[in-house]
Amino acid sequence: MRPGRDDPTERRFPLNSELIMSTEKQKTDFVAIGEKWQQYWAGIKLAEAPETPQKKYFVMPMFAYPSGDIHIGHFRNYSITDAIARKKMMEGYDVMHPFGWDAFGLPAEEAAIKNKRHPEEWTLHNIEVSKATLQKCGILFDWSREVTSCLPDYYKWTQWLFIQFFKKGLAYRKTATVNWCPTCNTVLANEQAAGGVCWRCENPVEKRELLQWFFKITEYAERLLAGIDELDGWPDNLRTIQRGWIGKSIGAEVDFVLENSEIKIPIFTTRPDTVFGVTFMTLAPESPLVEQIGIPDDRRAEVNAYIEAARSKSEIDRTAQTEKDGVFSGCYAINPLNGERVPIWIGDYVLATYGTGAVMAVPGHDQRDYDFAKKYDLEIKYVIDTGRGQDWYDKKPAADPAYGTMMNSDRFDGQVGKEGIRAVIDYCEEQKIGRACTNYKIRDWLISRQRYWGCPIPMIHCKKCGIVPVPEDQLPVELPRGDIDFMPTGRSPLADVKEYIEVDCPECGGKAERDADTMDTFMCSSWYFLRYCDPKNETAIFDPKKAAAWLPIDMYVGGIEHATGHLIYYRFFTKFLYDLGLLKLEEPTVRMFNHGMVNDEQGRKMSKSVGNVVSPIDLVGEHGPDPVRLAVFFAAPSEKEIQWSSAGITGTERFLIRADQFVRSADFSGNTDLNRTFGMADLSAEDKKAYLAFQLALQKINFDFERLQFNTCTAAVMELLNIIPNDISAEMRTYIAGNIVRVLAPLAPHTAEEWWAKVLGNSESVFRAAGWPSVDQTAIAAATITLACQINGKVRGQISVPPDTDNATIEELAKAEPRVQKHLAGKTIKKTIVVPKRLVNFVVQ
RNA sequence: GCGAAAGUGGCGGAAUUGGCAGACGCGCUGGACUUAGGAUCCAGUGGGGUAACCCAUGGGGGUUCAAAUCCCCCCUUUCGCACCA
């Protein structure tokens, strides 16, 4: 028995006594509806994706760090993917909407130190809490595919991947100047130290020389770059950021030679056409060349002091410094193209890690070199003619970086732009003094971390056999639990765990040592989406067939902050696994969407330390999940940052109550075919208006849903409810009420499910049985059109016409409109413009 | 410093991409029903004007029959990149 179905008077005046009685009652009822249907969905396993999908849709939010406090920002992000998942379900797709935990990482270790709890215990507890919270929020994840990166059945495969990279020669160890965060006591990858500060704690990073594991992501730089062109379902700004991060530049390497020696000093330049304008060169202070050039004794002290000063400066100080400085080394190099002798300087504006760590300086055509030359009174030569005139070249007022015609360049004089560059490179290659060369800004990825709570590096160091991977049948290398001192000392806590470190070499059987470091957590998050396709596989990382069935990810939703980290790494992994033959595609994601952040009312980021975290649990407990969700959707388009205010809930709550009244006012005992159409000609004026309003609303919802603009989707339903006349027929009421249930289902799922079952009387979930309505284009095409009538671009009236009215008739009707008539009186019409379905404009004198 | 995006009522935001600016909602004002209203319903709500109308999308110019939307200059904000040779 369904409430309100048997007594027609109750239907007419549908203030449902059960649902709507008092303020108190309303609030508690959305809460009750929420709980009821969450249980139901869990019971029928609504979210569980099939093993082998027919018509698949893979939608996924980013891997989450289980900090334990799900806030309104998470609620928003996951509501986005949830709404998409639900709509796709209604459209008949086999939907996978999985979730997982990026569960290794420093916060667990910090908490362990603080609360004397093991990081694993802390992490797993947080996962439980977070998961329960997400469920209470009504987010429908397929928990049967949940992955947790800190559990051995997952990190076994992270280790396996490490070994595959090693076997392909893409994982290697080197001593390098690395970013060290003294606060976190660990090294950082370049993208984690962008701007000279640690991505986690935002403290300045230092440089240290350490022997560390790196992945050769640079070997994939070209493919990572080329792949971006194909990602047309990605936001442009994200693509731009990735291109910039990879930072390809095409040029040449030219070997300058140390005077009176055989020592080559190669330089990288994108402007070989300016090589005759070189008047000095500069080495990075950290460059090994500095030690090789034989600095004369009288320069030694000054040079050493400069290098020391550069080294002790923080990254921020070095880059913030506006004026370039340097020191003369006392040595000279020979320009191999013209045999000229040029002084060698040392300056910290040259980066040791880019190119060759040495540059040729052309003050005439490079602003930095110009500034440097001015400061130290070095020669300035112009070798590219851009038509400035002799006067300008004599005065030397600035550097001129434009392309032009080569001059003062011996045999190359007269060569223009790109041809000049080409000619110089060809000549260098002929003479074996240089070569074409392409450089990338992206650096190899530093994997090692000197911390406990991470995935152990499955490598063994043997004095006899060198570096030996742990045999794959012995994976996973499990993190030792026991009594471990997590206090950061600057080296990995595992280094002091004897039972862990001491191991027999898998090759010679002799005494050997495990690698004491753990992996960057970005390793774990670079492949989790693949594990979703086959989460329980014990014998392989995943079954390639299952991966092929689900990939690519159709919609990936996450923050823009991962543009140069995660979103490059997971593309890199995808390409690597493609090369291994495990994947059939090189790009993992068709469509990427960057959601906006949720800040507090003052616009500040929500954080525990500020104490301004808004918990969705409190809101959901007070208002129910749907009013809160609608309020979040309604606040702004999904990509925009919002300042959270609970005030919005008032409006969405009222709206849901009004919608509830409308839905319950309909009679679902007769023909309830929601896919039916109506012939416009047969309808009363009211029905026509309502029917058309629904078709237009649906059209807008489809359009806006596609671009994830849920605020206007919601507004479209609100507007529809406002438009519908009171005295529509019972049939039309049934049709529209039932369809409002359908279109609201992705946005307000609990309430829609309640209506679907209790008001419409269905026994199967709205997400499985309802289907998504299709627009009655015939009705829209047949609808009467309202045109604005303008005089000189100003609106003076309106006319309504049938859709097929010809322009001449439209003009006549418009001229007959009283206000138009008034404005036309005594004027001459010079021109008439009719825009189909929009307006008619008379240009008058 | 360079680059990108944005700037619309008291507030959040719309505007199907050059075609009726301010949809939808909050808030506010008035009214109804009420013992009560922080509930609900009805009406109003960019500014000016009794009105006809006029003025309005950060400011100033321009293109166009028509500009929030396109172009130029300036201001402000928010993000990226910050010596990549």
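Letters go in sequence order (proteins before strands), and every chain restarts at 1. Keep in mind that the numbers below use all heavy atoms, side chains included, and drop hydrogens, waters and symmetry copies.
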Within the structure, does a side-chain N or O atom of [X] lie under 4.0 Å from either OP1 or OP2 of [N]?
X: R654(A); N: rG27(B); result: yes
X: K831(A); N: rC65(B); result: yes
X: K640(A); N: rG13(B); result: yes
X: R707(A); N: rU16(B); result: no
X: S249(A); N: rA85(B); result: yes
X: N711(A); N: rC24(B); result: no
X: Y349(A); N: rA85(B); result: no
X: N722(A); N: rG25(B); result: yes

Next item on the list: Take T714(A) and T786(A), find for each the nucleotide of RNA chain B with the closest heavy atom, and name the residue whose nucleotide sits nearer the 5' end.
Entry: T786(A)
Notebook entry, point to check: On RNA chain B, nearest-nucleotide positions of Q798(A) versus D704(A): which is more 5'?
Noted result: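 Looking at the nearest nucleotide for each, D704(A) comes out on the 5' side.
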Checklist line | D236(A) bridged to R239(A) by N-O distance under 4.0 Å | finding: yes
Margin query: Check this for me: does any side-chain nitrogen of one of D255(A) and R435(A) sit under 4.0 Å from a carboxylate oxygen of the other?
Written below: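 Yes, charged N to carboxylate O under 4.0 Å.
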For atom [atom1], what is the distance between [N] and [M], given to the nearest Å?
N: rC11(B); M: rC65(B); atom1: P; result: 36 Å
N: rC71(B); M: rA5(B); atom1: P; result: 10 Å
N: rA14(B); M: rU8(B); atom1: C1'; result: 10 Å
N: rG60(B); M: rC75(B); atom1: C1'; result: 11 Å
N: rC70(B); M: rU57(B); atom1: C1'; result: 16 Å
N: rC74(B); M: rG27(B); atom1: P; result: 43 Å
N: rG37(B); M: rG30(B); atom1: P; result: 13 Å
N: rA21(B); M: rA56(B); atom1: P; result: 13 Å

Notebook entry, point to check: Taking atom types as modelled and ignoring hydrogens, do the side chains of S249(A) and N439(A) form a donor-acceptor contact shorter than 3.5 angstrom?
Noted result: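 No, no side-chain donor-acceptor contact under 3.5 Å.
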Notebook entry, point to check: So what does T652(A) touch, heavy atoms closer than 4.0 Å: a base, only the sugar-phosphate, or nothing?
Noted result: nothing
Next item on the list: For Q643(A), report the nucleic acid contact type (base, sugar-phosphate, nothing); a contact means any heavy atom under 4.0 Å.
Entry: nothing
Next item on the list: Determine, for nucleotides 43-56 of chain B in 5'-to-3' order, which nucleotides have protein heavy atoms under 4.0 Å from the base (write B), from only the sugar-phosphate (write S), or from neither (write -).
Entry: ---------SSSS-
Notebook entry, point to check: Given rA82(B), rG19(B), rA14(B), which nucleotide is nearest the side-chain atoms of W245(A)?
Noted result: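 Out of rA82(B), rG19(B), rA14(B), the nucleotide with an atom closest to W245(A)'s side chain is rA82(B).
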Next item on the list: Side chain of F703(A) only, please: which of rG12(B), rU16(B), rA23(B) is the nearest?
Entry: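 Side chain of F703(A) sits closest to rU16(B).
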Next item on the list: Examine the base of rC65(B) for any acceptor or donor lying under 3.5 Å from a partner atom in the side chain of Q790(A), and report the outcome as yes or no.
Entry: no
Check: Does K418(A) make a cation-pi contact with Y403(A) (under 6.0 Å, within 45 degrees of the axis)?
Finding: yes
Next item on the list: Name the orientation class of the two ring planes belonging to F372(A) and Y376(A) (parallel below 30°, tilted from 30 to 60°, perpendicular beyond 60°).
Entry: tilted
Note to self: More than 12 heavy atoms of other residues, nucleotides or ligands under 6.0 Å from NZ of K605(A): yes or no?
What the structure shows: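 Atom NZ in K605(A) is not crowded, with 12 or fewer foreign heavy atoms closer than 6.0 Å.
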Item checked: Other residues, nucleotides, ligands: >12 heavy atoms within 6.0 Å of K264(A) NZ -> no
Notebook entry, point to check: Rounding to a whole Å, what distance do you find between D366(A):CG and rC83(B):P?
Noted result: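 In whole Å, rC83(B) P and D366(A) CG are 14 Å from each other.
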